[in-house]
Enquirer: 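Provided herewith is a single structure, encoded as structure tokens, for subsequent inquiry.
Below, all heavy atoms of this structure are taken into account, side chains as well, without hydrogens, waters or symmetry copies. Here is how names work: the chains are called A, B, and so on, in the same order as the sequence lines, proteins then strands, and each is numbered from 1. Since we're looking at a predicted model, the values are computed, not measured.
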Number of protein chains: 2
Amino acid sequence: MKGGKGADGTKSAPGLRERSGTARPRMADVARIAGVSTATVSRALRQPELVSPEVRGKIAAAVEHLSYRPNLMAGALASARSKTIGVIIPSMINAFFSVTLEAIEEGLAGAGYQLLIGNSHYELETEERLIASMLAWSPAALVVTGCRHSRGAMRALLDTDVPIVEMWELTDNPIDTAIGFSQRDIGVAVARHFKERGARRLGFVGAMHQRDYRADARRAGFFETALSVGYEAPAEVQLPGLPTSVRGAKAFAELMSAHPDVDAVLCTNDIVALGALFEAQRLGWSVPERLKICGVGDVDFAAACEPGLSTVSLPRRAIGLKIAEVLRERIAGNLPTGGVHDLGFELVRRGST
Amino acid sequence: MKGGKGADGTKSAPGLRERSGTARPRMADVARIAGVSTATVSRALRQPELVSPEVRGKIAAAVEHLSYRPNLMAGALASARSKTIGVIIPSMINAFFSVTLEAIEEGLAGAGYQLLIGNSHYELETEERLIASMLAWSPAALVVTGCRHSRGAMRALLDTDVPIVEMWELTDNPIDTAIGFSQRDIGVAVARHFKERGARRLGFVGAMHQRDYRADARRAGFFETALSVGYEAPAEVQLPGLPTSVRGAKAFAELMSAHPDVDAVLCTNDIVALGALFEAQRLGWSVPERLKICGVGDVDFAAACEPGLSTVSLPRRAIGLKIAEVLRERIAGNLPTGGVHDLGFELVRRGST
DNA sequence: ATGAAAGCGCTAACAC
DNA sequence: GTGTTAGCGCTTTCAT
């Protein structure tokens, strides 16, 4: 097989049923061999309990014999729904979402669902486009990241009957169901933690504040709480571009050279924090005595660092599993819309604070 | 909308065309409003150059007016192909594949393709299942990781006319097209590098050798070359479970306590290597003088470490971009089957060796 | 418990 | 350039 250049585009004239030798078997073939109608075959495949064991056996044999595989598109078209779950994430590289994705997949793959994945690149317009094209597949459900959407996206999401889950964030007004945690409270928690640990002056290393509004919510919580517990506004640097360790190290160095009095820094994520930790080491600042560093995410190396990196553990996997659970119920129609699930987060103190 | 509990399952009797107030418009609606046939609408949408500008305008207006979105499943069923690309990776968490995925998406999303993603969990049987269910969607192409497949998977892949790409590995006999690099040669290159740097005794920290046969190929190249350039067989530890920094640190400590003469260690990936680096630091072994450490992957923190982590840079992104490029050609039918693209890798020496 | 028949919404010959 | 027509392969009433 494997039609190379000039594939033998055998497309018989309409009306003629001549197919090239080994065409993919259709349900009609199974029906014929089993001596029943396609309706019965369809039933046997989707609601076996409605078919007599005897007939069911014959059908199973025919299916086996032909190695029949149903054409999912035909089924989806006829029933107006497909065993597909659309998931839109803002980045495929960010390990946070990968873990959630894997958990969704684990929780749903068993039930025969496929994930259709879209990458919004943190752009609301791209998200809108993706939502439209995913809905065009009549997915069984659609999962989007965050609760902020363009007007058009909002309209599309409200208009459809497809179950929608907004994840990685909370809102009072979910489109359908929201599963996540409060990003803002993370900033609050870290600011308080620094206070408790006796820090005198806070710093912040951020990234993509104009695009990643969730990261921005964390920052806002951090700044507001800092002020409210008696600090002056934290010193701040923003990374140019994606948050990487190398950029984190550099930005951190800048921050410290501009504000040498800073003695506690929150980094927008662990990758950046790791860069800062290495840079502190190179600069000879002792951690946590002279300088405290905290990340966000609790990625696996955070526990392996020297000193261990204090960070905020996010329910990355829990979000995915919860989504799978809720979706199974929503799809089955057993669950009302409007649920908001706060899965929380945890400040993990290690050696760096 | 958002049918909660008792969705108003309005499913009109066959034959009747009464739809609840605001049903999704169909192509026939557009055709009627524009005063043309559905065939013309279809053309205007897919091959505008075949339709007169005038009519095209009317159709565009009607589409706009109804906010019509074509039902992709109907189109896919009728044309027997969908604008979907199936991609099967062994892990969603492994950042290697995420980058490739993102690159595939970038190269193809513009052309209107959607990614259907499957996770094989490094299991050949799971891969086989995924291949079958993805082919049932008549994807425009299917991308699988690696060149090793179960018998059933092999048969399915050879039988279909869907373009297939095997990635992250090379073979003399691709099913269709292979895009990757030689895993084995990585081990060879690192062993030689250690020799050049004057190492006396080699060590290896591996993981999942029973499942990740690509990692195993690297190991094999490393061991064979070690012997052939005059070393005794490298001392070895295998991580129990997934390769993480914490486990890497622990395994590395074990390795060194069992074989204190080892002075150069290859870790199966950078995450593990980072753990080893931290552990070496804790143990007070100077890197690279007393001990050389090399990882695989060149993840972003490798350049930020202190000392910088020597590692093997893999063409993660290049693979994805190449796949997109090749696929566009293959789908258009301009490219013959049988291509093998070696994208190479690069040993990046930093401070740790 | 099973079958007949009418679509699901679109595409693709082919004829004009 | 545009319309006609016959499906794509399955699901789903409805009748038996």
Enquirer: Look at the side chain of B:Arg43 against the base of D:dG3 and say whether a donor-acceptor pair falls under 3.5 Å; ignore hydrogens and angles.
Expert: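 Checked by distance alone, the answer is yes.
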Enquirer: Round to the nearest Å and state the distance from B:Arg81 atom CZ to D:dG9 atom P.
Expert: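 Roughly 14 Å, once rounded to whole Å.
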Enquirer: Taking any heavy-atom pair under 4.0 Å as a contact, classify B:Val55: base, sugar-phosphate, or nothing.
Expert: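 Here B:Val55 touches the backbone only, sparing every base.
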Enquirer: Say whether, by atom type as modelled, one donor and one acceptor occur between the side chain of A:Arg69 and the main chain of A:Arg24 under 3.5 angstrom.
Expert: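 Looks like no, no N/O pair under 3.5 Å.
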Enquirer: Report the residue (B:Pro53 or A:Ala28) whose heavy-atom-nearest nucleotide on DNA chain D is the more 5′ of the two.
Expert: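 It is B:Pro53, whose closest nucleotide lies nearer the 5' terminus.
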Enquirer: B:Thr38 has a side chain; which of C:dA5, C:dT11, D:dT2 sits nearest to it?
Expert: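 Closest nucleotide to the B:Thr38 side chain: C:dT11.
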Enquirer: Return the nearest nucleotide to the side chain of B:Arg46; candidates are D:dT2, C:dG9, C:dT11.
Expert: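 Per side-chain heavy atoms of B:Arg46, the pick is C:dT11.
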Enquirer: Please check if the number of heavy atoms outside B:Glu54 that lie under 6.0 Å from its CD is greater than 12.
Expert: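 Atom CD in B:Glu54 is not packed in, count stays at 12 or less.
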Enquirer: For the side chain of B:Tyr68, counting heavy atoms from C-beta on, which of C:dG3, C:dC10, C:dT11 is nearest?
Expert: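 In terms of side-chain proximity for B:Tyr68, the closest of C:dG3, C:dC10, C:dT11 is C:dC10.
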Enquirer: Can you list the steps and then say if A:Thr100 with A:Met167 is a side-chain contact (heavy atoms from CB on, under 4.5 Å)?
Expert: CA-CA 10 Å; A:Thr100 299; A:Met167 67 171 178; 3.8 Å; yes
Enquirer: Would you kindly give the CZ-to-P distance between B:Arg24 and C:dG9, to the nearest whole Å?
Expert: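 One finds 9 Å between P of C:dG9 and CZ of B:Arg24, rounded.
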Enquirer: Measure the distance from CH2 on B:Trp137 to P on D:dC10 and round it to the nearest whole Å.
Expert: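 Going from B:Trp137 (CH2) to D:dC10 (P), I get 13 Å.
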Enquirer: May I have the distance from A:Met27 (atom CE) to C:dG3 (atom C1'), rounded to whole angstrom?
Expert: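 So the CE-C1' distance, A:Met27 to C:dG3, works out to 14 Å.
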Enquirer: Would one find a side-chain N or O of A:Ser79 under 4.0 angstrom from OP1 or OP2 of D:dC10?
Expert: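 Looking at the OP1 and OP2 atoms of D:dC10, neither is under 4.0 Å from any side-chain N or O of A:Ser79.
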Enquirer: Examine C:dG3: is either OP1 or OP2 under 4.0 Å from a nitrogen or oxygen in the side chain of A:Ser37? Give yes or no.
Expert: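 Yes, within the criterion.
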Enquirer: Does D:dT11 have OP1 or OP2 under 4.0 Å away from a side-chain N or O of A:Ser42?
Expert: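 Checking A:Ser42 against D:dT11: at least one side-chain N or O falls below 4.0 Å of OP1 or OP2.
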Enquirer: State whether the number of non-hydrogen atoms from other residues, nucleotides or ligands found under 6.0 Å of A:Glu49 atom CD is greater than 12.
Expert: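 Correct, the count exceeds 12.
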Enquirer: Reckon A:Val36 touches a base, only the sugar-phosphate, or nothing at all at heavy-atom distances under 4.0 Å?
Expert: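 The answer is sugar-phosphate, as A:Val36 gets under 4.0 Å only of primed atoms, P, OP1 or OP2.
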Enquirer: Would you mind reading off the distance between B:Gln47 atom CD and C:dT11 atom P, rounded to a whole angstrom?
Expert: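 So the two atoms are 10 Å apart, to the nearest Å.
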Enquirer: Tell me which nucleotide among D:dC8, C:dT2, D:dG9 gets nearest to the side chain of B:Ala78.
Expert: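 Nearest nucleotide to the side chain: D:dC8.
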Enquirer: Nearest whole Å is fine: how far is D:dG1 P from B:Ile59 CD1?
Expert: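 After rounding, the reported distance stands at 14 Å.
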Enquirer: Test: ring pair (Phe, Tyr, Trp, His ring centres under 6.0 Å). Region: residues 103-152 of chain A. Which pairs qualify, not counting sequence neighbours?
Expert: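 Qualifying pairs, neighbours excluded: none.
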Enquirer: Kindly point out which of C:dT11, C:dC10, D:dG9 is positioned nearest to the side chain of B:Ala74?
Expert: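 Looking only at side-chain atoms, B:Ala74 lies closest to C:dC10.
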Enquirer: If I take atom CG in residue B:Leu77 and atom C1' in nucleotide C:dG9, what distance separates them, rounded to the nearest angstrom?
Expert: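 Rounding to the nearest Å, CG of B:Leu77 and C1' of C:dG9 are 9 Å apart.
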Enquirer: Which nucleotide in the set D:dT12, C:dT2, D:dG7 lies at the smallest distance from any side-chain heavy atom of A:Ala39?
Expert: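 Looking only at heavy atoms from C-beta outward on A:Ala39, the closest nucleotide is D:dT12.
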Enquirer: Atom CG of A:Leu72 to atom C1' of D:dC8: distance rounded to whole Å?
Expert: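 One finds 14 Å between C1' of D:dC8 and CG of A:Leu72, rounded.
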Enquirer: Give the C-alpha distance, both sets of side-chain angles, the deciding distance and a yes or no for side-chain contact (heavy atoms from CB on, under 4.5 Å) between A:Ser42 and A:Met27.
Expert: CA-CA 8 Å; A:Ser42 181; A:Met27 191 180 273; 4.0 Å; yes
